[in-house]
Engineer: 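Have a look at this one.
Letters A, B, ... mirror the listed sequences (proteins, then strands); counts begin at 1. Computation of the quantities below employed the complete heavy-atom set of this structure, encompassing side-chain atoms and omitting hydrogens, waters and symmetry-equivalent molecules.
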Protein chains: 2
Amino acid sequence: MATTRKRVTLLDVARHAGVSRATASLVVRQSPLVGETTRQRVVEAMRSLGYVYNAGAARLRRGTSRTVGVIVPNLRNPFFAEMLDGIETVFDTEDMAVMLANTHEDRAKQDAFVRRMREHDVDGVIVCPAAGSDESFLETTDTLGLTVVQALRWISQDRSDYAGTNYADGMRQAVEHLKELGHRRIAFVAGDRQHSAFRDRLEGYRNAIGPEAETIVVKVPLTHEDGRALAGTLMRQTPPSAAICFNDVVALGLLRGLFDLGVDVGRDFSLVGFDNVPEAALSRPALTSVTTNPFAIGEAAARLLLRRLADPEGAPKRTIEPTRLVIRESTGPCPESQAHAPKRRG
Amino acid sequence: MATTRKRVTLLDVARHAGVSRATASLVVRQSPLVGETTRQRVVEAMRSLGYVYNAGAARLRRGTSRTVGVIVPNLRNPFFAEMLDGIETVFDTEDMAVMLANTHEDRAKQDAFVRRMREHDVDGVIVCPAAGSDESFLETTDTLGLTVVQALRWISQDRSDYAGTNYADGMRQAVEHLKELGHRRIAFVAGDRQHSAFRDRLEGYRNAIGPEAETIVVKVPLTHEDGRALAGTLMRQTPPSAAICFNDVVALGLLRGLFDLGVDVGRDFSLVGFDNVPEAALSRPALTSVTTNPFAIGEAAARLLLRRLADPEGAPKRTIEPTRLVIRESTGPCPESQAHAPKRRG
DNA sequence: CTGAAAGCGCTTACAG
DNA sequence: CTGAAAGCGCTTACAG
């Protein structure tokens with residue numbers, strides 16, 4: 001159990017070392033103004049007294065807290081966990097502390113978190129805005145005087161820094177890969193949430209499909225279960241010969257659902273996911289997927305915030321990580337273009 | 001961009017409302033001592049001035065920060081992300097802020113985080129100790145006067161609260177399930193890290209196997225790749241007829257590796273994972289796995305910390321979540337006990 | 001290089 | 001129910 005003792009203050013340290021409090025403060029902050037022997041004495045006093053720096057008191061006086069907030073919509077999605085890892089890694093090397101909040105895509109919670117973080121005096125926040133967030137969120141943070149960097153999803157790229165990834169280009173690569181394999185009826189399995197990461201992909205899909213081919217957009221919640229259940233409805237009537245999924249979570253569900261129906265993915269049907277999660281390499285067939293590097297996005301967001309804190313003025317900046325299609329076993333030539341009817345096992 | 005303005009203080013609010021600072025403070029803290037009309041006036045003043053409570057200043061005076069630290073060894077493991085979700089959910093309802101750190105299993109980092117958090121004056125920390133942590137870690141936190149709750153892995157159950165899950169019993173269920181299917185040579189695919197979550201499983205395995213059967217422990221890093229690569233070595237010579245994996249990550253890798261070798265898992269070989277991650281239901285064959293509920297463990301850890309903060313004295317407490325075997329397609333009768341030689345697909 | 005003083009924004013007794 | 005004062009532990013000028 002932790003024993004609660006009276007706090008050792010800088011004044012205690014100063015007395016013990018026989019110097020003034022100001023001098024002790026300089027030693028704590030590694031100032032070069034203090035002579036080596038004095039410094040040694042103070043350091044020794046800190047050690048023998050068990051002194052712990054009180055960041056809160058310093059922050060009060062100094063006005064900066066060396067603390068940042070991170071707000072994500074869904075911790076359970078490994079994608080965000082990895083992005084968080086990237087953010088955390090950068091701030092760790094800066095000796096800054098990270099305050100975390102999970103909105104579960106709830107905008108009211110998001111507003112509450114932003115305020116709480118402001119009350120705890122974070123220097124700034126990185127936020128992946130909850131679905132449906134609009135400019136009013138940025139007005140809230142403005143009113144609070146809170147510096148914000150948007151990550152992965154953006155509300156406005158004119159009002160605030162943004163670190164993202166090139167979803168549209170990833171989508172283009174996926175569509176072109178399928179077109180080269182002869183596919184013409186390519187579905188986009190989208191989520192049911194409104195945010196830029198959805199709109200960017202959708203736009204990329206529409207542009208890449210082009211006017212000559214048909215556009216097929218189906219919206220389902222982005223879960224394994226919904227992906228799996230989707231297989232039945234997708235294969236009814238005149239089914240597409242290929243599908244691109246919003247993320248690997250829904251793609252992996254759909255893959256299993258198609259297997260349950262006896263569809264031989266990679267031969268009868270082609271499937272592409274997004275995010276290239278580690279499991280994508282393990283599925284049967286292994287999933288073709290668009291790599292988006294969440295760790296790098298997290299790092300980039302953290303650096304944008306650091307930059308902005310160092311230089312609050314200046315135009316909004318953004319960084320866009322590249323995406324890349326990783327081709328595996330789940331995509332293959334369109335059976336129809338080879339003049340075969342789709343085959344089914346069993 | 002956030003505009004930095006001079007901070008609005010409680011004194012500004014008090015003046016604007018025509019009351020004293022103390023009265024304004026009482027309103028902020030929702031004290032019943034203030035009359036309704038006065039309260040209204042103060043609230044209105046806060047609103048029109050855009051007042052933001054300064055938690056840091058309050059903490060300095062009051063000595064409690066309404067902030068807790070959470071230290072995990074590996075954010076990328078979905079298991080910890082889910083536990084974190086549970087922790088965060090509880091503290092959110094308590095209006096407390098969560099400070100996050102990721103040790104990457106590095107004990108030196110762990111010590112640094114604990115100190116940093118102490119400097120930021122967290123009320124306590126929840127920590128899943130990095131592999132190899134020993135009592136010296138608890139001595140460090142003791143010296144810092146920091147209240148700690150251990151989660152998932154424990155260093156000592158006598159010195160500090162602990163929230164975990166019943167790994168030994170989960171292991172017992174897994175072994176007995178396999179024994180009932182006729183398996184006698186059952187391997188335990190363990191990780192290469194030293195911590196209680198490993199020792200608990202190992203002990204459960206040894207006890208459940210019993211003296212009549214052979215004990216086969218193989219240690220590999222707990223990654224998809226190492227699991228996949230393990231298939232070759234595991235099936236050489238006189239292979240076991242079944243394996244229980246430390247977690248689903250390595251199990252899913254091994255499953256794919258066995259498929260690559262032509263082993264028909266569920267018939268020729270039986271495989272059990274731990275954690276029952278969502279992907280376990282999706283693999284082919286779907287993976288039999290032991291459910292450990294990380295969200296519930298996270299919630300339990302958070303409640304233990306809340307309890308301890310409210311009542312610092314009292315014996316260390318612990319909560320153990322139950323585990324449960326979920327049987328799917330990856331386990332089946334032992335071929336040898338049916339007098340068949342293991343079959344391999346072409 | 002060091003010391004004495006003021007102040008960051010709150011809360012806590014203590015009077016009234 | 002309200003007001004004046006002190007203090008939480010630090011940092012920041014300002015002298016020396």
Side-chain angles (χ1 to χ4, degrees), chain A residues 4-43 45-46 49-67 116 118-123 144-145, chain B residues 4-43 45-46 49-67 116 118-123 144-145:
Chain A
T4 320
R5 294 100 40 100
K6 214 184 143 344
R7 178 151 210 152
V8 177
T9 78
L10 212 42
L11 186 56
D12 300 325
V13 171
R15 280 196 189 122
H16 192 271
V19 301
S20 80
R21 182 159 56 174
T23 306
S25 174
L26 291 172
V27 172
V28 167
R29 284 173 292 142
Q30 325 234 32
S31 162
L33 297 178
V34 185
E36 180 55 20
T37 53
T38 314
R39 202 187 64 73
Q40 294 263 344
R41 254 199 352 265
V42 174
V43 167
M46 295 199 292
L49 261 38
Y51 173 70
V52 177
Y53 182 69
N54 186 333
R59 137 188 350 185
L60 181 58
R61 179 63 232 249
R62 198 204 252 142
T64 165
S65 68
R66 302 201 66 71
T67 285
R116 184 194 294 166
R118 181 60 226 279
E119 290 184 352
H120 281 281
D121 220 22
V122 296
D123 292 337
L144 289 171
Chain B
T4 320
R5 295 100 39 104
K6 214 185 141 347
R7 178 151 210 152
V8 177
T9 76
L10 213 42
L11 186 56
D12 300 325
V13 170
R15 282 199 187 117
H16 192 271
V19 301
S20 80
R21 181 158 59 173
T23 305
S25 174
L26 291 172
V27 172
V28 166
R29 286 173 290 141
Q30 326 234 36
S31 162
L33 297 179
V34 186
E36 179 56 21
T37 53
T38 314
R39 203 187 63 75
Q40 294 262 344
R41 258 204 342 272
V42 174
V43 167
M46 295 198 292
L49 259 38
Y51 173 71
V52 176
Y53 182 70
N54 186 333
R59 138 188 351 185
L60 182 57
R61 179 62 233 249
R62 200 205 251 142
T64 167
S65 68
R66 301 201 67 72
T67 285
R116 184 193 294 165
R118 181 60 227 277
E119 290 183 353
H120 281 282
D121 220 22
V122 296
D123 291 337
L144 290 171

Engineer: Would you mind telling me which residue lines up with the more 5' stretch of DNA chain D, B:Leu60 or B:Val34, judged by nearest nucleotide?
Structural biologist: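 The residue closer to the strand's 5' end, by nearest nucleotide, is B:Val34.
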Engineer: Please check if any side-chain donor atom of B:Arg66 sits under 3.5 Å from a side-chain acceptor atom of A:His120, or the reverse.
Structural biologist: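 No donor-acceptor contact under 3.5 Å links the two side chains.
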Engineer: Under 4.0 Å between a side-chain N or O of B:Thr38 and OP1 or OP2 of D:dT2?
Structural biologist: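 Indeed, a polar side-chain atom of B:Thr38 lies that close.
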Engineer: OP1 or OP2 of D:dA4 sitting under 4.0 Å from any side-chain N/O of B:Ser20?
Structural biologist: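 Checking B:Ser20 against D:dA4: no side-chain N or O falls below 4.0 Å of OP1 or OP2.
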Engineer: Could you note down all residue pairs passing salt bridge (Lys or Arg N to Asp or Glu O under 4.0 Å) where residues 31-40 of chain B supplies at least one of them, sequence neighbours left out?
Structural biologist: B:Glu36-B:Arg39
Engineer: Compare all side-chain heavy atoms of B:Met46 with those of B:Val28 and state whether any distance is below 4.5 angstrom.
Structural biologist: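 The answer is yes; the side chains approach within 4.5 Å.
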Engineer: Respond yes when some side-chain nitrogen or oxygen of A:Thr23 is under 4.0 Å from OP1 or OP2 of C:dG3, and no when none is.
Structural biologist: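 For C:dG3, OP1 or OP2 has a side-chain N or O of A:Thr23 closer than 4.0 Å.
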Engineer: How does protein contact run along nucleotides 10-16 of chain D, one letter per nucleotide 5' to 3', with B for base contact, S for sugar-phosphate only, - for none, heavy atoms under 4.0 Å?
Structural biologist: BBB----
Engineer: Roughly how many Å is it from CG in A:Leu33 to P in C:dG3, rounded to a whole number?
Structural biologist: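 Roughly 14 Å, once rounded to whole Å.
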Engineer: Is there side-chain contact between B:Thr9 and B:Arg21, with at least one heavy-atom pair below 4.5 Å?
Structural biologist: no
Engineer: Is there a side-chain contact between B:Thr67 and B:Asp121, using heavy atoms and a 4.5 Å cut-off?
Structural biologist: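 Side-chain contact under 4.5 Å: no.
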Engineer: Taking all non-hydrogen atoms of both residues, which atom of B:Arg59 and which atom of B:Ser65 are closest, and how far apart?
Structural biologist: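 Closest heavy-atom pair between B:Arg59 and B:Ser65: NE-CB, 3.5 Å.
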Engineer: Does some side-chain heavy atom of A:Leu26 sit less than 4.5 Å from a side-chain heavy atom of A:Val42?
Structural biologist: no
Engineer: Give the minimum heavy-atom separation between A:Val43 and A:Val27, together with the two atoms involved.
Structural biologist: CG2-CG1, 4.0 Å
Engineer: Stem list for DNA chain C, please, built from Watson-Crick and G-U wobble pairs under 3.5 Å and keeping only runs of at least 3.
Structural biologist: C:1-3 with D:14-16, C:5-12 with D:5-12, C:14-16 with D:1-3
Engineer: Measure from CG on B:Asp12 to C1' on C:dC8 and round the result to the nearest Å.
Structural biologist: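 Roughly 13 Å, once rounded to whole Å.
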